[in-house]
**Student:** 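Sharing a structure here in structure tokens format.
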Amino acid sequence: MPVLETESSKDKGGDNALPKLPIPELTDTLHLYLRCVKHLLTDEQFNKTQTIVQQFSAPGGVGELLQQKLKERRDKTDNWVYEYWLNDMYLNNRLPLPVHSSPAMVFPPQNFRGPSDCLRFAAHLISGVLDYKTLLDARALPVDYARGQLAGHPMCMEQYYRLFTSYRLPGPQRDTLVAQESSVMPEPEHIIVACKNQFFVLDVVINFRRLNERDLLTQLERIVKMANSEDERLLPIGLLTTDGRTEWAESRAVLMRESTNRDSLDMIERCMCLVCLDDASGPEISDSTRAMLMLHGGGPSKNGGNRWYDKPMQFIIGADGCCGVVCEHSPFEGIVLVQCTEHLLKYMIGSPSKLVRAASVSELPAPRRLRWKCTPEIHKLLSASTDKLQRLVKNLDMNVYKFYKYGKEFIKKQKMSPDAYIQVALQLAYYRCHGRPVSTYESASTRRFREGRVDNIRSATPQALAFVVAMTDGKLSSSEKMELLQGAIAAQTKYTILAITGMAIDNHLLGLRETAHELKLETPQIFTDEAYILSNQFILSTSQVPTTVEMFCCYGPVVPNGYGACYNPQSDHIIFCISSFYDSPQTCSANFSKAVEQALVDMRDLCDICKPTCNTSEQRPGKQGQSVESTHRAEEPKNQAPLPKVVVKAAEQSPAQGGGR
Ligand code: COA
């Protein structure tokens, strides 16, 4: 496959106008690091860490050397942390992609009246993808702009251009993120359709003509027919991609020994995206069930093999109306995924299905089934992957909880940042469930900078701890608690601003650590210290993923005893997707959701009790308040727009579909 590292395939034009990510002062980072960990450690642990940090930062010491090298790296690269971060966050991670890494967007349930509705939805969606891809190919997407503080600052757009051109190749120690290089070879012009664990090549450009929706529908119908033929069914090879990355790399190497398999892999690796036509999954389609189905397909007995997890975009269209998209995360962040998905859904709402007269079926070459030659070794590997996926499916404890008592408008009225407020509520919920604060990760976008991805807002601040203790032990008056709440929100907001302006500590510490590694120095003690290790085990892994169309994002926890907590604040409600693992005796997603509800109710009550003072005492930071990762959606409604249940309404236009229900 003609591939290049993503780093070298970026546009040198627009993005170069953005500033480079800064490097914070070493002393600032180390001070903040100590502040972040102090209350998470025993006194003894902290004293040790403090001594280690002092040694690291001593004049003429290793810290200064590494800082100097990082500055040199900043001069030489577009983004000094990009590669370090990509490897550390994703490519070095050996855990399976489903649940552990790939997030999903869950669409509202669709009301398909029969298989033909489902295929029409798929054809319409693919049409939307092709429409969006035209914008991407022309590099014509409107630039996103930040709102709030630093308003009007353009955001880096590079992540968008990886949506339909990347592939995460498994490797024995580290994966590689590869991208099609459009100037060397044409962009991919086919989609892979997965149906009944079989993979089919759907060419979307035939004889230089982009297939219209009617053509796409015809091809999808042919694919379903082929997939239904039981005699021709091949093994569910997609299950191999659900395994740990090292295991999948090994299986892939075995597959590659056969030329048939090499050809099939090549077609998948070079496709635009997958469209997974899933079988119905069972009677219960609650939000939590749908979220799980998007994340892991329900396991080997359901649609778990109807996937290819290395591919960044897999659209899932279930016969039962359970739809969404699951994403390989390394090429882009959730915000970019939301923008793309919203574009597609709005395309489907705004442009009625165009089932114009069909091209004669004989004019369209038949879609091709991908073939696999499987040795007994592959059978064995597949069986191991199947068992592991089954265990993962059984282990995921997902709770989608919609909090309807209020939303971000109430919080704004308190003159508080909604995001900071929700983060403090999550801290309160965790403390009430577990009686201690834990290392917390909140993603903050650094797209104001060239090739910017994210840094971490360490939300378990000492101020948040003071507040949650006060709320739990009941010793303080309401006004004292209110003061602590305001302090916690101010601290959280301050950290947010540091993170989005490139001054947080996680990327910086990572850069110093990796520089030492590159220089082949002995790993400085600061990075082997218990405090550093503990502070990087994110028991609470949180992220705000807001949407303007009715849908929500979800993902799994990042440590065995932790929670994933994704939230979507709306004007008058907040959607939470809380995940954890059943086999941890310490966690329970339903209990945590209840604690989040209680925290939000108690915080509202506190605000209400203290109303006369709270409305005037809290000042927003900066002139224009909190920064908002935002985009070309300024004119869109604040609340989620409902998606019509079945957005394809053109059956009567299609003679071929007459008796299809
Ligand atoms: N008083 C009144 N209003 C306030 C306020 C205050 N003190 N502080 C903020 N607000 C307003 C903002 O102006 C904004 O208004 P809008 O809804 O009209 O635009 C709104 O409240 C939301 O702001 P806030 O909740 O403070 O923060 P945010 O939406 O900017 O979110 C981050 C902060 C960190 C989530 C955001 O900067 C970010 O980085 N997002 C990307 C996260 C990400 O990458 N997620 C995906 C990971 S895969």
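Remember, it's 1-based here, ligands and their atoms both numbered in the order they're listed. The residues of the chain are indexed from 1 along the displayed sequence.
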**Student:** Please could you name the atoms of ligand 1 that Ile457 approaches to less than 4.0 Å, counting only its heavy atoms?
**Tutor:** 34 (C)
**Student:** Considering the heavy atoms of Ala444, write down every atom of ligand 1 situated less than 4.0 Å from one of them.
**Tutor:** 39 (O)
**Student:** Applying the side chain to side chain contact (heavy atoms under 4.5 Å, CB included) criterion to Tyr555, which one of Cys327, Ser102, Ser541 satisfies it?
**Tutor:** Ser541
**Student:** Anything under 30° is parallel, anything over 60° is perpendicular, the rest tilted; go ahead and classify His343 against Tyr132.
**Tutor:** tilted
**Student:** Could you tell me whether Lys412 and Glu409 have a side-chain N and a carboxylate O separated by less than 4.0 Å?
**Tutor:** yes
**Student:** Where does Ile411 meet ligand 1, judged by heavy-atom distances below 4.0 Å: at the side chain, the backbone, both, or neither?
**Tutor:** neither
**Student:** Can you tell me if His329 contacts ligand 1 (heavy atom of the residue under 4.0 Å from the ligand)?
**Tutor:** yes
**Student:** With sequence neighbours left out, write down each residue that passes salt bridge (charged side-chain N to carboxylate O under 4.0 Å, His left out) with Arg74, or none if nothing qualifies.
**Tutor:** none
**Student:** With heavy atoms of Gly334 as the reference, note each atom of ligand 1 found under 4.0 Å away.
**Tutor:** 46 (C), 48 (S)
**Student:** Would you mind running through ligand 1 and noting each atom that sits below 4.0 Å from a heavy atom of Ser543?
**Tutor:** 45 (N), 46 (C), 47 (C)
**Student:** For residues Tyr90 and His329, establish whether the separation of their ring centroids is below 6.0 Å.
**Tutor:** yes
**Student:** Heavy-atom contacts under 4.0 Å between Lys408 and ligand 1: side chain, backbone, both, or neither?
**Tutor:** side chain
**Student:** Within a distance under 4.0 Å of any heavy atom of Lys415, pick out the atoms of ligand 1 and give their elements.
**Tutor:** 1 (N), 6 (C), 7 (N)
**Student:** How about Glu483: does its CD atom have over 12 heavy atoms from other parts shown lying under 6.0 Å from it?
**Tutor:** no
**Student:** For ligand 1, which atoms sit closer than 4.0 Å to a heavy atom of Thr496?
**Tutor:** 34 (C)
**Student:** Does NZ or CZ of Arg139 fall inside the cone over Tyr161's six-membered ring, less than 6.0 Å from its centre and within 45° of the axis?
**Tutor:** yes
**Student:** My understanding is that we take every heavy atom of each candidate and find the minimum distance to atom 2 (C) of ligand 1. Doing that for Gln544, Lys412, Arg447, which one comes out nearest?
**Tutor:** Lys412
**Student:** Show me which atoms of ligand 1 lie under 4.0 Å from any heavy atom of Glu442.
**Tutor:** 34 (C), 35 (C)
**Student:** Under 4.0 Å from a heavy atom of Ser443: give me the atoms of ligand 1 that qualify, with their elements.
**Tutor:** 42 (C), 47 (C)
**Student:** Taking only residues two or more places apart in sequence or in another chain, which ones pass salt bridge (charged side-chain N to carboxylate O under 4.0 Å, His left out) with Asp602?
**Tutor:** Arg432
